[in-house]
Amino acid sequence: MKNTNDPDFINHLNHENSYAQASMSDTQTLQRTLFSEMKNRMPSKISTPPERWGPWLYYQYIPEGKEYPLLCRRLETEKSGWLQTVFHNVRGGFGKEEILLDWNEIAEKYGYVHVGTCRVSPDHNFLAYTIDTSGDEQFMLQIKDLRNQCIVPRLPVDGVVSLAWAQDSRTLFYTISDENQRPHRVLCTKLGSDSTDDAPIFTEGDSGFCVDITSTKDGKFITVNSNSRASSEEAYFLSGRFILLVLQVYVIDATNPLGGLRRVHKRVPGVQYFLEHHYGFFYILTNYPLSENEECSSGDYYLARCRAEKLYSANWQNIILPGEDISLQDMDIFDGHLVLFVSKKGVPMLCSIDLSINFECKYQMEIENLNPWFFPLPSSSCSIVPGSNHDFMSSVYRAVLSSPVMPDMIVDYDMSRQTFSIVQQEELRGTSDGAGLNSAACELETNEVIDTRNCEDNNYQNSGLQGWKAYGAYGEVLDKGWCTDRLCLLDRGWVVAFADVRGGGGGDSSWHKFGSGLYKRNSIHDLTSCGKYLVNEGYVCKDKLCAIGYSAGCLLVGAAINMYPKLFCAAILKVPFLDICNTMLDPSLPLTKLDYEEFGNPQIQSQFEYIRSYSPYDNIPSGVCHPSVLVTASFHDARVGVWEAAKWVAKVRDRMCSACSHSVILKTNTTGGHFGEGGRYSQCEETAYDYAFLMKICGD
């Protein structure tokens with residue numbers, strides 16, 4: 001089945017789709033009802049509030065009736081009265097909306113679109129972006145001249161992952177992937193150059209490491225980050241920013257983009273570095289041991305500062321420690337302020353520090369010594385997602401707050417005045433409870449705001465970024481943000497629970513550590529414990545418990561079903577990772593070697609035996625009544641082969657008790673990739689199908 005070009009296999013998938021269609025034919029009316037409810041709850045026009053960057057206001061919106069967003073901008077002006085009229089007449093439409101990128105046009109041309117990365121040049125004259133038009137994540141680089149809206153002619157480049165502009169706005173750095181979709185090379189292209197070949201800058205030869213590039217917030221440096229899931233090595237060639245785990249970092253001077261790479265620090269297993277630059281100083285968020293006798297801990301971060309010319313000496317001083325019961329998670333930097341992402345006893349917080357303070361101290365300091373301003377947050381549990389925050393000179397930090405019971409709220413925090421304002425909250429339509437839910441904004445402005453320094457006793461939960469965060473792996477934080485589609489379930493009496501298992505993110509680093517590698521079974525046991533709790537505490541009838549997993553999260557659901565087949569009534573496995581042994585034994589497959597640190601290396605006998613002990617495909621029990629399962633896959637999925645889903649479904653049916661009437665169906669998307677269809681209406685149709693399956697099985 002690995003040969004997806006085999007006509008027999010394609011025919012097999014078509015037969016499976018026909019079977020799925022027949023199995024779900026009696027839910028057509030229900031699907032249409034659910035889709036209509038979801039569509040009616042959508043605002044007619046979805047938009048983001050403008051965000052200032054230099055002289056421009058950038059924003060996105062989805063036009064009425066369209067599937068995809070538009071990236072737009074307008075020139076910002078504070079002029080008023082007759083002066084504004086003069087400018088409008090002289091400039092021929094001052095402040096007129098410019099459409100930089102229309103996802104809908106690309107989708108209409110190719111039938112599918114996934115925009116990976118967008119980067120506007122420092123002078124705001126060029127837009128570099130990557131697009132995937134087939135679902136295989138082979139992103140193509142395009143550069144658009146925003147002065148004439150024309151694509152800059154150049155030889156096509158596929159497999160592009162990350163982008164970074166030099167300060168001259170003519171030199172663009174980008175990374176490309178190898179045949180296993182591992183970002184491994186950094187190249188440089190010069191707009192207007194006569195050369196047809198882009199210059200190679202760096203190549204990572206170790207197949208266990210990926211390469212990423214980014215620029216510091218002030219644009220002075222670009223960093224080339226060589227990282228695995230456990231360590232990093234950062235290099236300055238351009239100018240630098242964030243890194244992942246085992247990391248090696250190189251730096252490039254953005255004012256002299258072809259001046260060469262310089263390594264920040266040698267690669268040390270388990271050590272990570274995150275760099276920012278601010279007026280001649282580098283700020284380094286790292287977990288490098290503070291003493292020679294101290295072992296590296298992947299979660300014990302601190303902040304160091306050093307002069308730019310002393311970065312390579314590793315003589316970093318001005319150490320800032322997080323303080324008691326606080327862990328540092330991330331940072332951002334502006335002209336006058338440093339923003340820190342922290343967690344205190346699992347409670348996510350943000351604070352800003354005035355950079356005019358005196359850091360020249362030879363002793364270690366704690367955050368509280370620097371007079372931080374902790375951003376006020378709602379009193380209910382919420383996730384915090386940073387906005388774009390491109391403008392280095394801004395004193396306003398934008399964040400998106402959300403929770404399972406609070407629609408997304410965009411808040412601007414003025415770090416100079418230490419005030420905040422609610423810019424926008426998602427409109428709630430098509431529900432009788434809309435007024436009550438939507439009042440969260442008013443509550444935040446008045447008496448429902450708490451100082452996060454005093455919230456240690458509240459039951460906050462750390463939430464993650466939007467997207468496919470239900471992995472229970474990779475340290476990804478489970479997405480517990482607002483989702484209007486869930487109202488279709490809640491209105492019908494369903495209970496929605498989030499299983500925040502070990503292996504995911506949240507709290508300190510041990511939460512991920514003890515759910516990965518030789519501790520992976522902990523993730524599975526956590527999931528089944530959550531299910532048993534819901535049944536034992538009366539939240540759900542024991543014959544009505546369902547589970548949904550995404551990608552690597554399906555490994556947990558599949559393994560849990562094998563261990564406790566009677567616990568679940570039904571399950572949905574989306575683009576599932578199920579055949580872990582065979583996949584991890586094939587180093588030619590994408591991501592395999594990179595996943596050794598997360599799941600273990602099955603080429604080592606002891607690790608193979610541990611992995612096989614929970615592998616969903618290798619432990620399907622015989623002669624039992626398997627729960628009903630909907631498996632959805634994507635033909636062009638570059639991360640998890642469609643054959644994993646197909647062979648798992650076939651084996652489950654083969655081993656299921658002959659007297660069992662439960663159904664196991666496979667539905668394959670023949671056009672999309674790992675992330676499915678991108679349009680908002682297509683996503684609603686997919687969700688309506690999923691919900692209809694659960695309601696059918698549970699008899700609703």
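Hydrogens, waters and symmetry mates are skipped; everything else that's a heavy atom, side chains included, is used. Note that the structure is a prediction, hence the values are computed from the model and not measured. Numbers here simply count residues along the sequence, with the first being 1.
Within the 3.5 Å criterion, the main-chain N or O of G503 finds no donor-acceptor partner in the side chain of S516. N522 places a side-chain N or O within donor-acceptor distance of the main-chain N or O of F514, the cut-off being under 3.5 Å. A donor-acceptor pair is defined here as one N or O able to donate and one able to accept, closer than 3.5 Å; such a pair exists between the side chain of S529 and the backbone of H525. Panel note: side chain K480, backbone S403; no donor-acceptor pair is recorded below 3.5 Å. A distance-only check finds a donor-acceptor pair linking the side chain of S402 to the backbone of W482 [under 3.5 Å]. Remark: side-chain polar atoms of D595 are not paired, donor with acceptor, to backbone N or O of E598 under 3.5 angstrom. Using a distance-only test at 3.5 Å, with no hydrogens or angles considered, a donor-acceptor pair links the side chain of H662 to the main chain of H626. The backbone N or O of M24 sits less than 3.5 Å from a side-chain atom of T27, completing a donor-acceptor pair. Checking side-chain atoms of Q181 against main-chain N and O of P590 turns up no donor-acceptor pair under 3.5 Å.
Taking the side chain as every heavy atom from C-beta outward, S663 and S628 approach each other to under 4.5 Å. Counting heavy atoms from C-beta outward, D500 and W511 have side chains that approach closer than 4.5 Å. No side-chain heavy atom of T33 sits under 4.5 Å from any side-chain heavy atom of S36. Contact annotation: the side chain of Y302 never approaches that of N287 to less than 4.5 Å [non-hydrogen atoms, C-beta and beyond]. Looking at heavy atoms from C-beta onward, F577 lies out of side-chain contact with C554 at the 4.5 angstrom threshold. Side-chain contact between I665 and V631: absent, with no pair of heavy atoms (C-beta onward) separated by less than 4.5 Å. Between W494 and V540, the closest side-chain pair of non-hydrogen atoms is not below 4.5 Å. Here the side chains of L666 and W648 are not in contact, with every heavy-atom distance at 4.5 Å or above.
A pairwise comparison of heavy atoms in K593 and P587 identifies CE-CB, 3.6 Å as the closest pair. The shortest heavy-atom contact between L556 and I524 is CD2-CG1, 3.9 Å. Residue A559 comes nearest to P616 through the heavy atom pair N-CG, 3.9 Å, listed as atom of the first residue, atom of the second, then distance. Contact detail for D618 and R612: the closest heavy-atom pair is CB-CG, 4.2 Å. Nearest heavy-atom pair across E137 and A638 is OE2-CB, 4.4 Å. In this structure, M38 and C488 approach most closely via the heavy-atom pair CG-SG, 3.8 Å.
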Please evaluate residues L573 and V557 with respect to the criterion side-chain contact (heavy atoms from CB on, under 4.5 Å), reporting the C-alpha separation (whole Å), side-chain torsions for both, the decisive distance (0.1 Å), and the verdict. CA-CA 8 Å; L573 307 179; V557 178; 3.6 Å; yes
Kindly determine whether E37 and R492 satisfy salt bridge (Lys or Arg N to Asp or Glu O under 4.0 Å), including the steps that lead there. CA-CA 12 Å; E37 291 176 7; R492 290 169 171 80; 2.8 Å; yes
Do I367 and L340 pass the side-chain contact (heavy atoms from CB on, under 4.5 Å) test, and can you show the C-alpha distance, the side-chain angles, and the key distance before you say yes or no? CA-CA 9 Å; I367 293 175; L340 298 177; 3.9 Å; yes
Test K532 against E537 for salt bridge (Lys or Arg N to Asp or Glu O under 4.0 Å), laying out the working first. CA-CA 8 Å; K532 293 176 182 178; E537 295 298 317; over 6 Å; no
Show your reasoning for whether side chain to side chain donor-acceptor pair (under 3.5 Å) applies to N14 and N17. CA-CA 5 Å; N14 289 333; N17 279 349; 4.9 Å; no
Quick one, T592 with N180, criterion side-chain contact (heavy atoms from CB on, under 4.5 Å). Give me CA distance, side-chain angles, the key distance, then yes/no. CA-CA 9 Å; T592 292; N180 290 330; over 6 Å; no
In sequence, state the C-alpha distance, the side-chain angles, and the governing distance for S551 and R639, and then conclude on side chain to side chain donor-acceptor pair (under 3.5 Å). CA-CA 9 Å; S551 192; R639 297 173 183 245; over 6 Å; no
Evaluation steps, side-chain contact (heavy atoms from CB on, under 4.5 Å), between D26 and K696: CA-CA 9 Å; D26 57 346; K696 173 184 177 177; 3.2 Å; yes
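The distance from atom OG of S634 to atom NZ of K574, rounded to the nearest 0.5 Å, is 8.5 Å. In this structure, the separation between CG on D586 and CE on M584 is 11.0 Å, given to the nearest 0.5 Å. Atom CZ of residue F35 and atom CD of residue E685 lie 5.0 Å apart, to the nearest 0.5 angstrom. Going from atom CG of D654 over to atom CD1 of I620 covers 9.0 Å, rounded to the nearest 0.5 Å. Rounded to the nearest 0.5 Å, atoms CD (Q31) and CG (L34) are 8.0 Å apart. The CG atom of D136 lies 14.0 Å from the NE2 atom of H674; values are rounded to the nearest 0.5 Å.
Using modelled atom types and a 3.5 Å distance limit, the side chains of Y596 and Q607 yield no donor-acceptor pair.
Salt bridge R653/E16: present, at least one basic N to carboxylate O contact under 4.0 Å. Between D485 and R41, none of the side-chain N atoms (NZ, or NE/NH1/NH2) sits under 4.0 Å from a carboxylate O, so this pair counts as no salt bridge.
No cation-pi contact links K520 to F599, judged by a cut-off of 6.0 Å to the six-membered ring centre and 45° from its axis. By the 6.0 Å and 45° rule, K513 does not stack over the aromatic ring of Y519.
Using cut-offs of 30° and 60° on the angle between ring planes, the pair Y610 and Y614 is perpendicular.
Applying the 6.0 Å contact sphere to NZ of K566 captures no more than 12 heavy atoms from other residues, nucleotides or ligands. Remark: F498 CZ is packed, more than 12 non-hydrogen atoms of other residues, nucleotides or ligands lying under 6.0 Å away. In this structure, Q603 places its CD atom where more than 12 heavy-atom neighbours from other residues, nucleotides or ligands lie under 6.0 Å away. Within a 6.0 Å radius of CD in E324, other residues, nucleotides and ligands contribute 12 heavy atoms or fewer.
With V385 as reference, V400 is the one residue of D479, D408, V400 to meet the side chain to side chain contact (heavy atoms under 4.5 Å, CB included) rule.
With C625, the cysteine C657 has an SG gap of 2.5 Å or longer.
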